[in-house]
Amino acid sequence: MVQRDRREVEKANLTDKRYPIKGMNVWTPYGWKIMQAIDRHIREGFDATDHQEVCFPLLIPEDQFAKEKEHIKGFDAEVFWVTHAGLNPLDVKLLLRPTSETAMYPIFSLWVRSHADLPLKTYQIVNTFRYETKQTRAFIRVREIHFFESHTCHADFEDAERQVREDYDILEELASKWCIPYRLLKRTEWDKFPGANYTVGVDTLLPSGRSLQLGSIHQYKENFSRPYEIKYEDEKGEHRYVHQTTFGMSERLVGAVVAIHGDDKGLVLPPDIATNQVVVIPVLAKGETEKVSNAARALRDELKAAGVRVHIDERDVRPGVKYYDWELKGVPLRLELGMRDIEKGKVTFVRRDTGEKSLKDRARLVEEVRSMLALIAHDMLARASKEMASGIATVDSLEGLPEKMIRTGWCGGEDCGHEIENRSERNILGTPVEKDEFDGKCVVCGKPTKTPVYLARAM
RNA sequence: GGGGUAGUGGUCUAGCUUGGUAUGAUACGUGCUUUGGGAGCAUGAGGUCAUCGGUUCAAAUCCGAUCUACCCCA
């Protein structure tokens with residue numbers, strides 16, 4: 001099953017792994033289109049909530065990177081360094097950003113002067129670099145990461161908390177477009193982001209039973225604003241440090257879409273992500289080729305005018321080849337049009353997610369396509385959510401655990417936490433942020449608790 | 001972090017034990033016939049055998065290092 005996650009990614013040809021640097025792959029045109037669709041959703045979501053897109057430099061000077069002690073401790077083992085410029089060694093080494101806090105915050109300290117400048121809400125979509133020492137894997141663990149990161153500054157803790165809640169709302173809307181179920185889990189103290197006050201992980205579950213972290217939301221409090229001196233003057237003329245948050249997601253989203261929705265025939269793309277939402281296949285017949293072609297092009301034109309992303313496949317190959325091709329590529333809806341349909345005034349609809357075929361009236365084309373795409377999106381999310389729910393097992397003992405995500409009791413103590421991780425041979429993902437009824441005992445010490453903890457083998 | 005397996009036209013692969021310039025399939029180009037689930041025939045093009053070094057008259061083949069991919073264990 002672990003293999004399946006990988007095979008689907010590779011068969012679909014979204015990335016070319018032949019580039020000769022470990023963990024650095026080439027995006028193919030089709031793969032990049034999918035990534036761009038996801039980026040577009042992210043931009044829409046964050047623009048709509050008054051975030052400003054920015055773009056900071058890739059290189060960070062060593063001294064600037066080193067200001068926050070926890071942060072550098074968490075990252076310095078996995079940064080790439082630039083040590084030379086041309087033939088000359090650099091006085092101050094430069095690193096490729098593993099994440100952009102230390103690139104942005106010195107500049108934020110110049111941008112933020114007064115309470116009127118707050119909140120400062122920014123984001124960028126850039127590549128980051130991490131020298132992963134573990135096995136690399138396309139989209140899931142790479143050394144050059146296509147990365148989204150929002151960075152915000154707030155007058156006080158409560159306003160930063162409001163930002164975290166806004167991030168949850170944005171995420172919910174995005175994930176429904178991607179048809180990806182997830183849990184918001186507050187990480188343990190020993191697993192939080194280096195430098196954060198607390199970290200909330202966005203975790204999904206793959207068909208293999210392993211968890212995949214899709215993103216993370218961090219509350220920094222004043223942990224970065226103090227070393228980077230991001231201060232403002234409040235209404236009373238007093239100088240205060242800002243409270244900060246970040247939200248990060250990456251190309252892992254593509255990996256998640258592929259692994260969660262893909263099947264034996266290849267990719268299955270959610271309609272909001274699909275480069276082509278609909279593919280039209282003309283089924284030509286001897287002597288009638290012109291007639292069928294024209295009718296098929298008319299379908300294409302009508303859908304295109306209605307704002308549907310549609311492609312007509314007029315290659316001179318047999319229809320069966322086209323069916324297999326577009327199934328592999330994951331196009332949500334296939335329309336077939338041949339003489340048989342034309343004579344009846346129908347169009348053949350074939351859903352990618354279920355394979356179900358149906359005949360629809362040609363006259364009602366646009367509304368039938370729209371409602372079918374909506375139905376496909378709805379069903380894909382519903383199926384994936386159900387799958388994730390059934391992949392979580394609630395237990396009151398760590399013996400003989402099933403190959404699932406585990407939900408159990410934890411008193412919250414660090415000693416018990418480590419013992420849970422050791423005995424279960426899984427990682428603690430965290431405790432739920434959202435409502436999650438539970439009434440049990442810590443599996444280690446037996447102390448009663450109302451909060452469950454989630455464990456999994458991480459991808 | 002520890003161990004293991006592998007790299008040959010775009011892709012997959014034979015050849016490696018026993019050294020003598022590479023096999024087949026698929027995909028690709030062209031032409032004709034086809035078209036409701038992977039068509040057929042003809043023809044054409046495509047390889048510094050991962051890289052670097054060593055042994056040898058001669059290396060895909062033997063030896064070493066490096067890079068990359070994959071698997072298992074922590």
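Just so it is clear: chains get the letters A, B, ... in the order the sequence lines come, proteins before strands, and each one is counted from 1. All values derive from a computational prediction rather than experimental measurement. No hydrogens, no waters, no symmetry mates; every other heavy atom, side chains included, goes into these values.
A heavy-atom distance below 4.5 Å is not found between the side chains of Thr245(A) and Ile217(A).
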**Fill in**
Contact string for nucleotides 34-46 of chain B, one letter per nucleotide 5' to 3', B = base within protein heavy-atom range under 4.0 Å, S = sugar-phosphate only, - = neither, reads BBBBBB-------
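Spacing between G46(B) and G9(B) at atom P, rounded to whole Å, works out to 15 Å. Separation of the P atoms belonging to C57(B) and C71(B) is 43 Å when rounded to the nearest angstrom. Going from the P atom of C52(B) to that of C67(B) covers 15 Å, rounded to whole Å. Only the C1' atoms considered, G40(B) is 13 Å distant from U35(B), to the nearest whole Å. Comparing U8(B) with C32(B), their C1' atoms are spaced 35 Å from each other, to the whole Å. Between A65(B) and U55(B), the distance separating the two C1' atoms is 15 Å to the nearest Å. For the C1' atoms, the distance from A59(B) to A22(B) is 13 Å, rounded to whole Å. Rounded to the nearest Å, the gap between the P atom of A50(B) and that of A39(B) is 34 Å.
Between Arg137(A) atom CZ and C72(B) atom P there is a gap of 8 Å when expressed in whole angstrom units. The separation between Ile140(A) atom CD1 and C70(B) atom C1' is 16 Å, rounded to whole Å. Leu328(A) places its CG atom 14 Å from the P atom of A27(B), with the value rounded to the nearest Å. Atoms OH (Tyr19(A)) and P (U51(B)) sit 17 Å apart, rounded to a whole Å. Rounding to whole angstrom units, CG of residue Asp16(A) and C1' of U68(B) are separated by 13 Å. Distance, Asn13(A) CG to A27(B) P: 16 Å, rounded to whole Å.
Nucleotide A39(B) forms a Watson-Crick or G-U wobble pair with U33(B), both donor-acceptor distances falling under 3.5 Å. Pairing for A14(B) is absent, judged as Watson-Crick or G-U wobble with the two contacts each under 3.5 Å. Under the Watson-Crick and G-U wobble criteria, each requiring two contacts below 3.5 Å, nucleotide G1(B) is paired to C73(B). When Watson-Crick and G-U wobble pairs are counted only if both distances are under 3.5 Å, C62(B) pairs with G54(B). Nucleotide A6(B) is matched to U68(B) when pairs are restricted to Watson-Crick or G-U wobble geometry with both distances under 3.5 angstrom. If you check A22(B) for Watson-Crick or wobble pairing at under 3.5 angstrom, you find it has no partner at all. With a 3.5 Å ceiling on both atom-pair distances, C49(B) lacks any Watson-Crick or G-U wobble partner.
Residue pairs that meet the salt bridge (charged side-chain N to carboxylate O under 4.0 Å, His left out) test with at least one member in residues 370-380 of chain A, sequence neighbours left out, are Arg351(A)-Asp379(A).
Aromatic ring centroids of Trp410(A) and Phe438(A) lie 6.0 Å or more apart. Aromatic ring centres of Phe247(A) and Tyr168(A) lie farther apart than the 6.0 Å criterion allows.
Expressed to the nearest 0.5 Å, how far OG of Ser250(A) lies from CD of Gln213(A) amounts to 9.0 Å.
Take the nearest nucleotide of RNA chain B for Glu425(A) and for Ile21(A): the residue whose nucleotide is more 5' is Ile21(A).
Note on Arg18(A): a side-chain N or O is less than 4.0 Å away from OP1 or OP2 of U11(B). Using a 4.0 Å cut-off, some side-chain N or O of Gln135(A) falls inside it from OP1 or OP2 of C70(B). Regarding contacts with the backbone of C67(B), every side-chain N or O of Lys22(A) stays at 4.0 angstrom or more from both OP1 and OP2.
Between Arg137(A) and Glu132(A), no side-chain nitrogen of the basic residue sits less than 4.0 Å from a carboxylate oxygen of the acidic one, so the salt-bridge criterion is not met.
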Name every donor-acceptor pair, under 3.5 Å, that has one atom in a side chain of residues 390-399 of chain A and the other anywhere in the protein, sequence neighbours excluded.
residue   : atom : partner   : partner atom : Å
Ser390(A) : OG   : Lys386(A) : O            : 3.4
Ser390(A) : OG   : Glu387(A) : O            : 3.1
Thr394(A) : OG1  : Arg407(A) : NH1          : 3.0
Ser397(A) : OG   : Glu399(A) : N            : 3.0

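By the rule that a glycosidic angle within 90° of 0 means syn, U48(B) does not qualify and counts as anti.
Remark: Arg130(A) qualifies as a cation-pi partner of Phe147(A) under the 6.0 Å distance and 45° angle criteria applied to the six-membered ring.
Counting heavy-atom neighbours within 6.0 Å of Phe80(A) CZ, excluding the residue itself, gives a total above 12.
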